[in-house]
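In what follows, a structure is listed as structure tokens, so that the remarks can point back to it.
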Protein chains: 2
Amino acid sequence: MTSKPTLDDGLRARKRAATQAGLERAALALALEHGYENVTVDMICDAGMVSQRTFFNYFGTKEGAFLGTPPPMPADAELARFVHGTGADILGDLVGLITAALVDQEPDPGILRARRMLIERTPELLGRENTRVAELEESLTLLVLDRFHAQGRTEESTPDLEDEARMVVTLAGSVMRFSMQKWFSGGFAGTPSELLRHSIALVRRITGTADPAPRG
Amino acid sequence: MTSKPTLDDGLRARKRAATQAGLERAALALALEHGYENVTVDMICDAGMVSQRTFFNYFGTKEGAFLGTPPPMPADAELARFVHGTGADILGDLVGLITAALVDQEPDPGILRARRMLIERTPELLGRENTRVAELEESLTLLVLDRFHAQGRTEESTPDLEDEARMVVTLAGSVMRFSMQKWFSGGFAGTPSELLRHSIALVRRITGTADPAPRG
DNA sequence: AATAAAATTACAGTAGCTGCACGCATACCG
DNA sequence: CGGTATGCGTGCAGCTACTGTAATTTTATT
């Protein structure tokens, strides 16, 4: 219209964001009401007032509208901070890193909660979610290896260092899944940080050599 | 034909088993050659000389032909042995239990290996595999809880006992995934038992309070 | 040999998804 | 302000996975 048409990030970008958000909200609402399997892409398109073709241009897949934007890699600054961390609690540090990346991803907590509830009750979505996470695991493994090297550990002194790195990532994934389930099922009264520490403590209790049984 | 037509398990059952095995073999061979995504159900049906409808009668899903029969719960005897185990190494015991159930499932090691190779390189199949495993997790959690109770641990003395049980199952799943990947990628020279013990040792090294760094 | 039960099949239809080409809105430039 | 390039939404035709149904064939029973 005026000589300065691009206010926010360009009118185009705003419209895109709006329709995308609308579609995601419509998808979640429909699925929470009728169940994921009974929601058709055409229904979401009707609610979002776009053609089916446009829907697939946005999400590529039906599941995409329900899962939201994929988890991003953390910013370089955070990565560096992790790599040069103290080293005492690598599992806690990694879990913290992942959590931070997840949190500032979806600003609306209502959407986030609805999404988690739906994913928990829908095996198909849960599986796809795990697949997405698995796609990040390789780069996270490299990150953990970097940290090992920064701590002076080498493949020479520890032949299975790469295995260890992969296992660290795997364990972090377990802790995240466990914690998310407990958090969004409402079974924990406390802060997310407390929950994560609780989960990690649980891991230690289980793997702790032979101390699980109570004294009495 | 004769007065005793049912030799093995009935001619019907044998034919069923034969066509099913044929379809599974055809599916694996085609996918290893052309890639999972480029194999169509019709191709498999042609190779197996059945109609598409019959294919879906057998497997219900395209993925089903590649994943094989779902993992079964172990026999009651094994379950009892687990529940009344010594208690020192619950993670090892559970991993052993799962492994045993997997092993006597697919007698042909060639098929098993081909299947794993395909699953590893196909995210969609990997995700579905994990979903299948997740379906067993609930009953495994109950099993672990039984063992806790058999050891005299109660929810009264340990309020988060159920959490601990769920975490044990989650960790066992991590160990299994890690080990399977390493095993079938050929990166381990040794027996499966050794590999499993190695993996669990890795978990302990990581979670061990503050011992991961070498002295030097 | 007659009959019951079970397996296989063809057929029609739905839903997810893709390539392609066309039209229109937006952004850019003189 | 007008012209133009670019991006985006859309319709359409088509492929593949999957399902219900009813008919046909194959195996089991008596």
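Within every chain, numbering begins at 1; the chains are lettered A, B, ... in the order of the sequence lines, protein sequences first and strands thereafter.
Taking only side-chain nitrogens and oxygens, A:Thr54 never comes nearer than 4.0 Å to OP1 or OP2 of D:dC8.
Take B:Ser51 and apply the side-chain contact (heavy atoms from CB on, under 4.5 Å) test, not counting sequence neighbours, and it matches B:Arg53, B:Thr54. Shown here are the salt bridge (Lys or Arg N to Asp or Glu O under 4.0 Å) partners of A:Arg177, two or more places apart in sequence or in another chain: there are none.
Both tests pass for B:Arg16 against the ring of B:Tyr58: distance under 6.0 Å to the centre and angle within 45° of the axis.
Atom pair B:Met43:CE and D:dT16:P shows a separation of 8 Å (rounding to whole Å applied). For the pair B:Glu124 CD and D:dA17 P, the interatomic distance rounds to 10 Å; values are reported in whole Å. Between A:Leu11 atom CG and D:dG7 atom C1' there is a gap of 13 Å when expressed in whole angstrom units. Regarding A:Glu37, its CD atom lies at a distance of 12 Å from the C1' atom of D:dC18, rounded to whole Å. One interatomic measurement links the two molecules: CG of A:Asn38 to P of C:dT14, which rounds to 16 Å at whole-angstrom precision. The distance between atom CG of B:Asn57 and atom C1' of C:dT9, rounded to the nearest whole Å, is 10 Å. Distance CD (B:Gln52) to P (D:dC18): 9 Å, rounded to an integer number of Å. Per the geometry, CZ belonging to B:Arg14 stands 19 Å off P belonging to C:dA6, to the nearest Å.
In terms of position on DNA chain D, the residue among A:Ser51 and B:Val41 whose nearest nucleotide sits closer to the 5' end is A:Ser51. Position along DNA chain D of the nearest nucleotide to B:Thr61 versus B:Ala13 favours B:Thr61 as the more 5'-ward residue.
Of all nucleotides listed (D:dA17, C:dC17, D:dT10), D:dA17 comes nearest to the side chain of B:Lys62. Listed candidates were C:dT9, C:dT8, C:dG19. Nearest to the side chain of B:Arg16 is C:dT8. The side chain of B:Lys15 sits closest to D:dT27 out of D:dA17, C:dC11, D:dT27. When distances run from any side-chain atom of A:Phe56 to the nucleotides C:dC17, D:dA17, C:dT8, the shortest one goes to C:dC17. The B:Arg12 side chain lies nearest to D:dT26 when the options are C:dA27, C:dT9, D:dT26.
Residue contacts for A:Tyr58: at a heavy-atom cut-off of 4.0 Å it reaches the sugar-phosphate backbone alone, with no base atom in range. Residue B:Thr40 is in sugar-phosphate contact alone, with no base atom involved, counting any heavy-atom pair closer than 4.0 Å across all strands shown.
A:Arg115 pairs in a salt bridge (Lys or Arg N to Asp or Glu O under 4.0 Å) with only one of the listed residues (A:Glu106, A:Glu129, A:Glu120), which is A:Glu106.
No donor-acceptor pair closer than 3.5 Å links the side chain of B:Glu78 to the backbone N or O of B:Ala75.
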